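One structure is given below, encoded as structure tokens.
Owing to the predicted nature of the structure, the values given are computational and were not obtained by experimental measurement. Counting from 1, the numbers follow the sequence of the chain as shown.
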Amino acid sequence: MHRAIRWHHIGARRRQYALGATLGASAVVVYHAWSGPRLLLADSTTEDWGSPPAIVARNQTFSGHAQRLGDAAGRVNVLQIAPPRTSTDTSPPSQTEGHSGLDVKVNLPDSPSAWSNVTDSVAAAGATITGFDFASVREKITGAIVPSWVRMLPGYIHKLQDELSMAPWSLSWEIWEEAHNPEINPEITWEANVRISSELCAEEKTFLRNRRRHTAKALARYLGVPESELHPEDVPVIGMCGSGGGLRALVAGAASFLSAAEDGLFDCVTYSAGVSGSCWLQTLYYSSIGQQSHATILDHLKNRIGVHIASPPALLALVGQAPTNKYLLSGLVEKLLGVPDADFGLVDIYGLALAARLLGPNNELRISSYDLKISNQRLYTDAGQQPLPIYTSVRHEIPDSAGKVESMARDARFTTKHFDWFQWFEWTPYEFFCEELDAGIPTWAVGRQWDAGHGKWRENGFALPELRIPLMMGIWGSAFCATLSHYYKEIRPIIKASGLGSLDALLSGKNEELVKVHPVDPAVIPNFALGLRDQLPAACPESIHHATHLQLMDAGMANNLPIYPLLRPGRDVDVIIAFDASADVKGDNWIKVTDGYARQRNIKGWPMGAGWPPSTNTDEATIQELDEASQASAETPPKPAAGTSKYLKPPHKELGYCTV
């Protein structure tokens, strides 16, 4: 049994090689004829299949599919349904669209597309590098040493070019074939619709009920009291979040969350949320690499981040050889071939490099494609055994800009953004949602195109697979898509520490000009709000009804702490624990930035004016501001009489690493 399973799972090319080595070339020919691309015929019986795909469903009717396939193929088709899944499996949505594997050919668009642009670029790079005479360079430039990996570039480029050629049995061909396989990507047969509501989705409500049982036990252990003495209504909903900050936030956040876990506090948490590097941390935690252990994640990081994510030898080796090349490039191939007008840019390359460095285990043979979809993380949350992760990004709304995404990016670079704002988008294992739009889609449907609230089916009757995590890691951490003002905030501590006060004063005075410039275009995903003008809130910006794609970027441009999603109505978070690893944690008052959000949504209990006091404050001003913040909260007692303030004067003007 084990041998049969292993033979079934090894690649088709490897099976041919194995037969050739043992039985000769004739066996390969026979095997190729037998195991060639088999059509997904609905009237096929198990005797006709060498390895029949079982399309699994529960309580679903496929008669519409069979009838449509029968009309197309001129025969009566009967689709074989596998036995119902157990209660632990996720029931797919209703099926209303016919799906056929009769046309498995890849039809590349005649007009220029993202895929052709990428392949042409690879070909051009290969031609340029191949024609470069490295030997003459060493002879002509005295003392210059050409790294060995540079001399290997032609081989890497040519191999990548071959794998992206879409020739039969090439890597891209194999990826695209599997993108149409319901066994590997069952979501391609599921019907997806936009959910328009301000409430939480049904899956998250179920999670909250299940999670409360776990947090009640954990809180009793944490407080050292018998569980029987803890009333369910007394169990608070705790949200724990990590800040943005790239690798700095990833490493610091892993250590902070580990400390909370060792103390028993993390088990009491209902939600975890992240920005930028903290999103990468959550990705690792809910994967086979992190194994739901922050200690394991830290060990993994020690072994992986010693090499720069953009190191050419390491990156090219992972992208250019099996099994990691398929693991990393699958999402890119599916996006570029499935959405011909999709944009491909620096953010996509950045996400690929991040995944190669962070999502690759030390033993590359242990990679798991199951880790590449956020919706699969529900395995760890459905029963409430782990906190629900929230991943964040923002869309920069610029009023009066053109509706097309290309012109929006162009106009946004050097135009004044008066009254601009950021729309927050969030991912959970259940839903991709925007609170400002009061609309969301299933997480497994992110990446497909939309019209009037319904996911579009492709010509072959299938939808695209879920957008994979490597591409989204680039979106979550795309701080370089920020304005120049954000760029300067990241490096300002270095400039000030270097004694360049005059330069700091000059650049700070130009902030109004710096916020007008976006040097790098954000990444895009298909816009699910198209065609919903009459169903979305009236306050929705006009551009959302015209843009074919959503331009998403690092949420740290709006707030480097993911507090907004934790305050969403229905989640009813009582306590927020924030680990801030921002570049200038003393100067960037991200907690105070939340005040505007709390006012806009009339959130009760938020401590208005809280956060780090400005360094220019006197002790008396700081005490007064804290008292005013206390008064502004609806849940706090009245201000004490003069001279009896409970706040002590800070002993130092500078904040320490942990200031309460």
From [atom1] ([X]) to [atom2] ([Y]), nearest 0.5 Å:
| X | Y | atom1 | atom2 | answer |
| --- | --- | --- | --- | --- |
| F425 | F432 | CZ | CZ | 5.5 Å |
| N376 | S287 | CG | OG | 11.5 Å |
| N185 | I188 | CG | CD1 | 6.0 Å |
| L467 | L332 | CG | CG | 10.5 Å |
| W606 | I576 | CH2 | CD1 | 5.0 Å |
| F422 | L552 | CZ | CG | 12.0 Å |

Verify the distance criterion only: is there a donor paired with an acceptor across the side chains of [X] and [Y] at less than 3.5 Å?
| X | Y | value |
| --- | --- | --- |
| D554 | S478 | no |
| R209 | T206 | yes |
| S243 | N560 | no |
| H214 | D267 | no |
| D438 | S198 | no |
| S172 | E163 | no |
| Q291 | Y286 | no |
| H454 | N193 | yes |
| E436 | Q423 | yes |

Please give me the minimum heavy-atom distance between [X] and [Y], naming the atom from each residue.
| X | Y | value |
| --- | --- | --- |
| L230 | A216 | CD2-O, 3.4 Å |
| A249 | G277 | CB-CA, 4.4 Å |
| L532 | G453 | CD2-N, 3.6 Å |
| P565 | P562 | CD-O, 3.4 Å |
| E187 | P465 | OE2-CA, 3.5 Å |
| E431 | T443 | N-OG1, 2.8 Å |

Just wondering, do [Y] and [X] contact through their side chains at under 4.5 Å, heavy atoms?
| X | Y | value |
| --- | --- | --- |
| L301 | L358 | yes |
| W476 | T283 | yes |
| S393 | M553 | no |
| Y564 | V593 | yes |
| V319 | L329 | yes |
| N559 | V394 | no |
| W280 | L359 | no |
| V347 | P522 | no |

Using only atom types and a distance under 3.5 Å, with no angle test, would you say the side chain of [X] pairs donor to acceptor with the backbone of [Y]?
| X | Y | result |
| --- | --- | --- |
| T594 | I591 | yes |
| D451 | L530 | no |
| R212 | V237 | no |
| R357 | I309 | no |
| S278 | G242 | yes |
| Q551 | H396 | no |
| T324 | Q321 | yes |
| D348 | G345 | yes |
| R304 | N362 | no |

Only one of L219, T270, T215 clears side-chain contact (heavy atoms from CB on, under 4.5 Å) with P236; which?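 For P236, the side-chain contact (heavy atoms from CB on, under 4.5 Å) test succeeds with only one of L219, T270, T215, which is L219.
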Given H549, which partner from the list D343, N527, V524 fulfils the side-chain contact (heavy atoms from CB on, under 4.5 Å) test?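 Of D343, N527, V524, side-chain contact (heavy atoms from CB on, under 4.5 Å) with H549 is met by V524 alone.
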With E334, the salt bridge (charged side-chain N to carboxylate O under 4.0 Å, His left out) member among R458, K373, K326, R468: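 Single pass found, and it is R468.
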Begin with the C-alpha distance, continue with both residues' side-chain angles, and end with the deciding distance and a verdict on side chain to side chain contact (heavy atoms under 4.5 Å, CB included) for L171 and L164. CA-CA 7 Å; L171 178 66; L164 297 180; 5.8 Å; no
Could you pull out all residues at least two apart from E426 that satisfy salt bridge (Lys or Arg N to Asp or Glu O under 4.0 Å)?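 In terms of salt bridge (Lys or Arg N to Asp or Glu O under 4.0 Å), with neighbours along the sequence ignored, E426 is linked to R568, R571.
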With E466 via salt bridge (Lys or Arg N to Asp or Glu O under 4.0 Å) - residues at least two apart: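 Scan of E466 (salt bridge (Lys or Arg N to Asp or Glu O under 4.0 Å), adjacent residues dropped) gives none.
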Given Y285, Y391, Y430, W427, the one that forms side-chain hydrogen bond (donor to acceptor under 3.5 Å, both in side chains) with Q377: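 Exactly one option meets the side-chain hydrogen bond (donor to acceptor under 3.5 Å, both in side chains) with Q377, and it is Y391.
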Go through the steps for L318 and Y327 under the test side chain to side chain contact (heavy atoms under 4.5 Å, CB included), then give the verdict. CA-CA 9 Å; L318 291 172; Y327 176 75; over 6 Å; no
Taking CD in E199 as the centre, count heavy atoms belonging to other residues, nucleotides or ligands within less than 6.0 Å. Is the count above 12?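 No, CD of E199 has 12 or fewer neighbouring heavy atoms, counting only those of other groups under 6.0 Å.
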Before giving the answer on side chain to side chain contact (heavy atoms under 4.5 Å, CB included), spell out for I289 and I297 the whole-Å C-alpha distance, their side-chain angles and the decisive distance to 0.1 Å. CA-CA 7 Å; I289 298 173; I297 293 176; over 6 Å; no
Please confirm whether the ring centroid of F257 lies under 6.0 Å from the ring centroid of F579.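 They qualify: ring centres under 6.0 Å apart.
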For residues W444 and W190, establish whether the separation of their ring centroids is below 6.0 Å.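 Yes, the ring of W444 comes within the 6.0 Å limit of the ring of W190, centre to centre.
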Test log, rule side chain to side chain contact (heavy atoms under 4.5 Å, CB included), inputs E262 and L258: CA-CA 6 Å; E262 291 176 341; L258 174 60; 3.7 Å; yes
Is any NZ, NE, NH1 or NH2 atom of the basic residue among E203 and K205 found under 4.0 Å from an Asp or Glu carboxylate oxygen of the other?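 The answer is no: the pair does not qualify as a salt bridge.
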